[in-house]
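Notes follow once the structure below has been shown.
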Amino acid sequence: MCGIVGIVSNRPVNQSIYDALIVLQHRGQDAAGIMTDDDGTLCQRKDNGLVQDVFQRKHMLRLSGTMGIGHVRYPTAGMSSSAEAQPFYVNSPYGICLGHNGNLTNTSELQQLLRRNDKRHLNTGSDTEALLNVFAHELQQNQSSELTPDAVFAAVAGVHKRCRGGYAVIAMIMGQGVLAFRDPHGIRPVILGQREVDGFIEYMVASESVALDVAGFELVRDILPGEAVYIEKDGTLHTRQGEQKGYTPCVFEYVYFARPDSIMDGISVYKARLRMGERLAEKILAERPDHDIDVVIPIPDSSRTSALSVAHVLGVKYREGFIKNRYIGRTFIMPGQEQRRKSVKRKLNAIDLEFRDKVVLLVDDSIVRGTTSKQIIEMAREAGARKVYFASASPPVRHPNVFGIDMAASSELVACNRTDVEVAEQIGADWLVYQDLDDLIKAVQYDSGDISEFDTSCFSGEYVTGDVTREYLDELEAMRSDKAKKAREEARRTRRAVNDGKAGPSAGAA
């Protein structure tokens, strides 16, 4: 999962892009990048790290220009690598910068075709670089004396034909304009906003509406599945609806990834999480009408809203039992199980008074690998809880997610091939309750909403693109499991040591 933003203005855009990336930081903490167009000159800065660390004052001063794009990266395919920080750039045709949120499910095939047929060089294994080169090739095929919106939209149509998976894309064509488009199923979000300054209509596209809010843009609408939006450098807006194969946004966006103050696809994330808590509480009452719960405590931050509803419906106290260290990143999206495990106790500290001699219901947004849940339950017991119940605002995560969320290895999912009772034993809970999938869908959808279906693949195992095979899932697990990532990182360190002349005999032999 990543965050994207792009702006076309008649004033410098560097600060607005930076501000947008700051509020999209929750979507990716591995790397950040900004590219701007200063009258045809490419200005760029990207590196590993948080937004506030990557961009210092000296970098911001160099990011001049009235249009630009930005990206925060969350790696699904590998460990941290500055070589894969986005946006990516190719110099032909025109010079194209591109970043994307999501994951292509046919990256290997694309890479082979790009090298063999399109004669394009690929410098990394990133699906973003493959997507960029597909778009560049398609734009080259439609090139005339001047770049037209029709040529841009034809290139996007070519991308849709060749690329599979879930993706929201932001691109800047040097000297021309900014482009955004969304996969034909609408799995990943992208939103259009505008503001008027001194008679000039500025446009912004971003992953979530909160990025528009912080920069002072008004939400216009969501970009639709298969749709492309192209904003020329003079502020002229063009849109083109391409092939739409459905409207199935990822339901996990509303469970965990998105900020609660965002609105995506016409759905308030905050309201959706309130409804998740209400339905979860109704299930708890149905299963245990005579429950002995003394207090409901959320696991900060994304479960707070649901936990508040749970406590209200159950009629029990809601308390903040864990204090979060704001300087530790989101545990789930850390690259590697070891980093996730080490971060939990540095991230949370229990308030003993809220646990001592009480039957506690901990509420979390989801349980993925189970490592974090287990450690938090241990912390609750150490703080003096008599019993620790655990409630998940989403159903059991039993299947890989292939559209941009780091759940590639089913063997690492605690609920895979386990019953709810077995998961409770695994994480050390006295009782465990999950949200039902139908209730989750109804909570996000709400009665008057326009969206009737969602991508629920990590819960249901049903992939909306219809092209995800067992062979692909096996290949993905072999490539993206934590074990595989760790092995690649160790191999990379060994190669670096050898190249630096610092490796010992054993490293050199490897």
Side-chain angles (χ1 to χ4, degrees), residues 1-7 16-17 19-28 70 72 101-102 166-170 180-183 185-196 202-227 229 237 239 244 246-279 301-306 308-309 330 365 393-394 403-405 440-456:
M1 195 70 60
C2 300
I4 58 173
V5 60
I7 301 177
S16 291
I17 293 176
D19 292 342
L21 291 182
I22 283 288
V23 298
L24 293 176
Q25 185 74 85
H26 61 284
R27 301 187 66 87
V72 286
N101 170 33
Y167 49 89
V169 177
I170 184 79
F181 59 92
R182 194 175 183 184
D183 71 81
H185 295 273
I187 298 171
R188 292 287 155 241
V190 61
I191 294 167
L192 174 68
Q194 69 175 37
R195 68 181 178 188
E196 184 175 349
E202 301 177 339
Y203 289 99
M204 178 177 180
V205 289
S207 294
E208 297 183 28
S209 66
V210 67
L212 306 179
D213 298 338
V214 73
F217 283 76
E218 177 186 353
L219 172 62
V220 176
R221 63 179 179 86
D222 297 274
I223 296 176
L224 296 173
E227 184 184 19
V229 170
L237 175 70
T239 66
Q244 182 174 339
Y247 201 160
T248 52
C250 174
V251 77
F252 208 73
E253 288 274 3
Y254 303 92
V255 169
Y256 175 80
F257 272 104
R259 274 180 47 145
D261 46 344
S262 282
I263 297 174
M264 302 184 306
D265 294 305
I267 298 169
S268 163
V269 177
Y270 178 76
K271 292 288 189 181
R273 289 177 184 169
L274 280 176
R275 292 189 292 267
M276 289 177 207
E278 291 168 359
R279 291 183 176 273
D301 281 321
S302 49
S303 65
R304 279 198 172 105
T305 311
S306 296
L308 191 63
S309 285
R330 299 184 88 180
D365 51 76
S394 64
F403 301 128
I405 300 177
L440 173 62
I441 292 171
K442 291 173 184 175
V444 180
Q445 178 185 4
Y446 75 96
D447 294 338
S448 58
D450 296 327
I451 309 297
S452 59
E453 296 181 68
F454 297 88
D455 170 61
T456 62

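Throughout, numbering of the chain's residues begins at 1 and tracks the sequence.
Of all the heavy atoms in Ser302 and Asp365, the pair that sits closest is OG-OD2, 2.5 Å. Closest approach of Ile263 and Ile191 over heavy atoms only: O-CD1, 3.2 Å. Leu274 approaches Ser309 most closely through the heavy-atom pair O-OG, 2.9 Å. Closest heavy-atom contact between Ala272 and Ile267: CB-CG2, 4.3 Å. Taking each heavy atom of Gly166 and Ile187 in turn, the nearest pair found is CA-CD1, 4.0 Å. The heavy-atom pair separating Ile4 from Ala168 by the smallest distance is CD1-O, 3.6 Å.
In terms of modelled atom types and a separation under 3.5 Å, the side chain of Arg188 and the main chain of Phe403 share a donor-acceptor contact. In this structure, the side chain of Arg273 engages the main chain of Tyr254 through a donor-acceptor pair within 3.5 Å. With hydrogens and angles disregarded, no donor-acceptor distance shorter than 3.5 Å links the side chain of Arg27 to the backbone of Leu21. Side chain of Thr248 to backbone of Glu453: no donor-acceptor contact under 3.5 angstrom is found.
In this structure, Val269 and Arg259 have side chains that are not in contact, with every pair of non-hydrogen atoms separated by 4.5 Å or more. With a 4.5 Å cut-off on side-chain heavy atoms, Tyr446 and Lys271 do not count as touching. Counting heavy atoms from C-beta outward, Pro189 and Glu253 have side chains that approach closer than 4.5 Å. In this structure the side chain of Phe257 reaches within 4.5 angstrom of the side chain of Ile405, judged on heavy atoms. Within the 4.5 Å cutoff, no side-chain heavy atoms of Phe252 are placed close to those of Phe454. Side chains of Tyr247 and Leu224 form a contact here, defined as non-hydrogen atoms less than 4.5 Å apart. The closest side-chain heavy-atom distance from Asp213 to Asp261 is not below 4.5 Å. Proximity of Val5 to Ile170: side-chain heavy atoms (C-beta onward) are nowhere separated by under 4.5 Å.
To the nearest 0.5 Å, the span separating CG on Leu212 from CD1 on Ile7 amounts to 9.0 Å. Put simply, CE on Met264 and SG on Cys250 are 8.5 Å apart, with the number rounded to the nearest 0.5 Å. Note: Leu24 CG to Asp19 CG = 11.0 Å, rounded to the nearest 0.5 Å. Going from atom CD of Gln194 over to atom CD of Glu202 covers 10.5 Å, rounded to the nearest 0.5 Å. Atom CE in Met276 sits 11.0 Å away from atom CD1 in Ile441 (nearest 0.5 Å). Interatomic distance, CG of Asp183 versus CD of Glu227, reported as 12.5 Å (0.5 Å rounding).
With respect to Asp265 and Arg182, a salt bridge is recorded, a charged nitrogen being found less than 4.0 Å from a carboxylate O.
Under the side-chain hydrogen bond (donor to acceptor under 3.5 Å, both in side chains) criterion, Asp455 pairs with Ser457, not counting sequence neighbours.
A donor and an acceptor atom, one from each side chain of Ser207 and Asn101, are nowhere located under 3.5 Å apart.
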Can you check side chain to side chain contact (heavy atoms under 4.5 Å, CB included) on Tyr203 and Leu192, steps first, answer last?
CA-CA 7 Å; Tyr203 289 99; Leu192 174 68; 4.1 Å; yes

Steps toward side chain to side chain contact (heavy atoms under 4.5 Å, CB included) verdict (Ser452, Gln445)
CA-CA 7 Å; Ser452 59; Gln445 178 185 4; 4.2 Å; yes

